[in-house]
Protein chains: 2
Amino acid sequence: MNKINIKYLARELNLAISTVSRALRDSHEISPETKAKVFALAKRLNYQPNASASGLRAQQTKMIAVVIPDMVNDFFSLVISGIEKVTQEQDYHILLYFTHGDHALEVSFINTLVNGRVDGVLLSITDENANNEHLEQLNIKGIPLVLFDRVNERMDNVKVTSDNYESAATATKHLIDTGCEKIAYLKVDRNIPVGTIRMNGYLEALEKHSKQKSPLILECPNDNDEAFTVIHKMLQSEKPDGIFASVEKLAVICYRVCEQIQLRIPEDIKIISFSNLQTAALLNPSLTTITQPAFDIGETAAKELLRIIKKKGSAKGDVVLKSRLIERRSTSK
Amino acid sequence: MNKINIKYLARELNLAISTVSRALRDSHEISPETKAKVFALAKRLNYQPNASASGLRAQQTKMIAVVIPDMVNDFFSLVISGIEKVTQEQDYHILLYFTHGDHALEVSFINTLVNGRVDGVLLSITDENANNEHLEQLNIKGIPLVLFDRVNERMDNVKVTSDNYESAATATKHLIDTGCEKIAYLKVDRNIPVGTIRMNGYLEALEKHSKQKSPLILECPNDNDEAFTVIHKMLQSEKPDGIFASVEKLAVICYRVCEQIQLRIPEDIKIISFSNLQTAALLNPSLTTITQPAFDIGETAAKELLRIIKKKGSAKGDVVLKSRLIERRSTSK
DNA sequence: CTGAAAGCGCTAACAG
DNA sequence: CTGTTAGCGCTTTCAG
């Protein structure tokens with residue numbers, strides 16, 4: 001269990017430590033023969049430079065922190081995949097933190113990061129209205145920060161988001177255009193700002209394009225069975241002919257309710273839903289979905305962050321990525 | 001953008017660097033007053049020790065690497081959540097790597113890690129039959145390794161898995177016990193060893209408990225539409241009365257096929273499926289699922305790894321965690 | 001109780 | 001072309 005470090009290589013080859021170091025970095029001031037010898041031994045012993053030492057010396061760790069609410073969630077899984085693609089390409093490493101929606105945890109993580117554990121931070125914040133001294137600390141210490149998806153508009157950092165408002169309006173308009181005259185919006189119970197933004201898009205489209213007298217917004221409990229009950233009751237009493245589900249899970253539950261009360265989709269009622277992994281789409285080939293560019297958000301945010309870290313170009317400029325509306329027709333086989 | 005390090009604190013307080021260091025570590029050989037002063041300033045300036053420096057000095061990084069195929073997968077999302085719980089409790093950090101099922105990438109990541117970038121590695125291997133020099137390197141360099149889910153039986157490390165074989169047998173027996181006389185197994189196309197292990201459990205249960213003459217194994221393509229077609233054809237021609245889906249996605253597709261050819265579930269045909277996030281269960285409340293203890297696998301593997309890192313107890317002993325069979329009855333409302 | 005100094009592994013400025 | 005040396009920030013002897 002010998003430690004293979006530069007000192008060891010130098011001793012083995014009867015060279016100075018600095019010569020080995022330079023050879024490994026392919027410096028032009030080292031003779032080809034020496035380089036060859038060094039490379040050969042390094043390869044044979046599978047030498048890897050010690051990350052702590054390089055990091056200390058260079059004052060950079062080649063690591064970025066990714067701080068998200070949690071992972072049991074298709075959206076963030078895809079975001080991470082996008083981030084990972086970039087870090088892999090650019091030889092960076094990902095440190096992963098979950099806040100579990102707890103603002104205090106977010107603060108604690110960020111505080112951990114202010115002194116050079118990472119070169120930059122990608123954050124989807126827990127509480128868009130909380131104060132953000134901890135984030136200011138990052139700015140003060142010169143640690144680049146890029147916000148994505150759940151951002152704080154008051155912060156001055158680069159933000160990468162998707163068009164929740166516009167795509168919700170588009171989705172609603174799509175239902176209107178295909179003939180729906182009474183559209184219900186299934187809202188998630190949890191206090192997620194994105195839920196409100198999407199709702200506003202729904203409201204705007206209704207107002208602009210529909211003759212529907214009043215919006216029909218249903219708050220759906222987090223518990224599946226309770227949500228089932230609530231949706232069941234609403235469908236019976238209100239008899240909407242269109243449903244806009246703000247998250248995929250609600251679309252799936254709604255689908256089951258329709259089945260039970262023998263509503264045909266899409267003949268009797270049309271459903272459209274935000275959806276990332278397309279489980280809902282498996283249900284019924286006629287279900288239309290709006291897919292957030294989750295992977296792209298991760299990829300873009302990571303690229304922005306690394307760009308700032310490497311001090312190429314400016315550190316300003318927000319990015320809003322477009323969601324895709326995917327219409328499916330019954331591929332009757 | 002001042003660097004807040006020990007030297008800075010020492011200068012501000014007119015103390016020696018070593019005194020500040022000791023005070024921060026709450027050493028008993030520092031006077032209460034000095035400690036108080038140091039703590040106060042450190043808190044005020046939000047001092048955090050530099051991780052690279054501490055790591056270099058102590059020869060430990062407080063980081064573990066988690067190397068998995070990918071993240072777009074409920075199972076691994078839950079595993080990570082379990083790991084994260086442990087690392088958070090024990091003040092460790094997670095470095096995340098995706099192999100994308102590419103053995104060469106796994107080798108490259110592991111090689112990156114052999115020289116002290118992390119204190120230990122959690123790995124779900126890409127190719128259970130490939131050679132494992134790279135993993136031996138970890139052992140040689142004394143970097144603890146715990147394998148989980150996809151393990152190499154020939155390796156001598158701690159392994160954390162779940163009872164794929166037994167739970168598949170249980171699931172099959174469950175179908176037999178509830179009256180199924182012709183049970184089909186929906187196998188995933190991709191060459192995932194776990195698919196074969198589960199299939200063997202199915203075969204064993206058939207042989208032991210059923211009068212079914214021959215097993216009915218259907219290889220399902222990865223593409224959803226193709227899988228639909230294949231399952232559709234099989235249901236028509238073979239008319240099984242029980243389906244065992246090896247993954248949730250296939251259960252969902254199968255459900256849709258049943259709907260199209262007007263098979264009632266569970267009256268005409270019973271479906272049981274491996275499933276982690278219960279999307280399938282939302283479909284039909286009578287769908288019975290087998291849920292792998294994904295979170296537990298992560299939690300257990302992380303605990304084992306940290307135990308080994310901290311050199312408490314032995315480094316041997318595999319863990320096999322039990323899956324849960326969840327039977328659902330139509331909660332007719 | 002406090003300070004001076006060495007060294008973790010690496011890189012780079014300075015010498016030759 | 002190669003070697004000597006200082007120093008990144010921290011902890012820990014060893015001295016006082």
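First the proteins, then the strands, lettered A, B, ... as listed; each starts at 1.
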Would you say the side-chain atoms of [X] pair up with the backbone N or O of [Y], donor to acceptor, closer than 3.5 Å?
X         : Y         : value
Thr300(A) : Asp296(A) : yes
Asp318(B) : Lys159(B) : yes
Asn50(B)  : Leu56(A)  : no
Asn157(B) : Leu147(B) : no

All salt bridge (Lys or Arg N to Asp or Glu O under 4.0 Å) counterparts of Lys303(A), not counting sequence neighbours: Glu299(A)

Set of salt bridge (Lys or Arg N to Asp or Glu O under 4.0 Å) partners for Asp26(A), sequence neighbours left out: Lys35(A)

ring-ring contact (aromatic ring centres under 6.0 Å, His included) involving Tyr47(A) - partner list, sequence neighbours excluded: none

Just the rounded figure in Å: distance from [atom2] of [N] to [atom1] of [X].
X         : N       : atom1 : atom2 : result
Lys7(B)   : dA5(C)  : NZ    : P     : 14 Å
Asn5(A)   : dC10(C) : CG    : P     : 5 Å
Asp119(A) : dC8(D)  : CG    : P     : 19 Å
Arg22(A)  : dT5(D)  : CZ    : P     : 14 Å
Ile6(B)   : dC8(D)  : CD1   : C1'   : 13 Å
Lys62(A)  : dC10(C) : NZ    : P     : 17 Å
Leu24(B)  : dG9(D)  : CG    : C1'   : 12 Å
Leu9(A)   : dG9(C)  : CG    : P     : 12 Å

So, with a heavy-atom separation below 4.0 Å from DNA chain C, the residues of residues 31-41 of chain A are none

With respect to the phosphate group of [N], does any side-chain polar atom (N or O) of [X] fall under 4.0 Å of OP1 or OP2?
X        : N      : value
Gln59(A) : dG9(D) : yes
Lys3(B)  : dC8(D) : no
Gln60(B) : dC8(C) : no

For Arg22(A) and Ser18(A), does a side-chain donor sit closer than 3.5 Å to a side-chain acceptor? yes

Do Gln59(A) and Lys3(B) have a side chain donor and acceptor closer than 3.5 Å? no

Here the residues of residues 44-55 of chain A within 4.0 Å heavy-atom distance, strictly under, of DNA chain D are none

Using a 4.0 Å cut-off on heavy atoms, which residues in residues 10-21 of chain B reach DNA chain D? List them by number, or say none. Ile17(B), Ser18(B), Ser21(B)

For Glu136(B), does the CD atom sit with more than 12 other heavy atoms under 6.0 Å from it, leaving out its own atoms? yes

Nearest to the side chain of Leu56(A), heavy atoms from C-beta on, is which of dG3(D), dT12(D), dC8(D)? dC8(D)

Side chain to side chain, His93(A) and Phe109(B), heavy atoms closer than 4.5 Å: no

Does Phe148(A) reach the side chain of Ile68(A), with side-chain heavy atoms less than 4.5 Å apart? yes

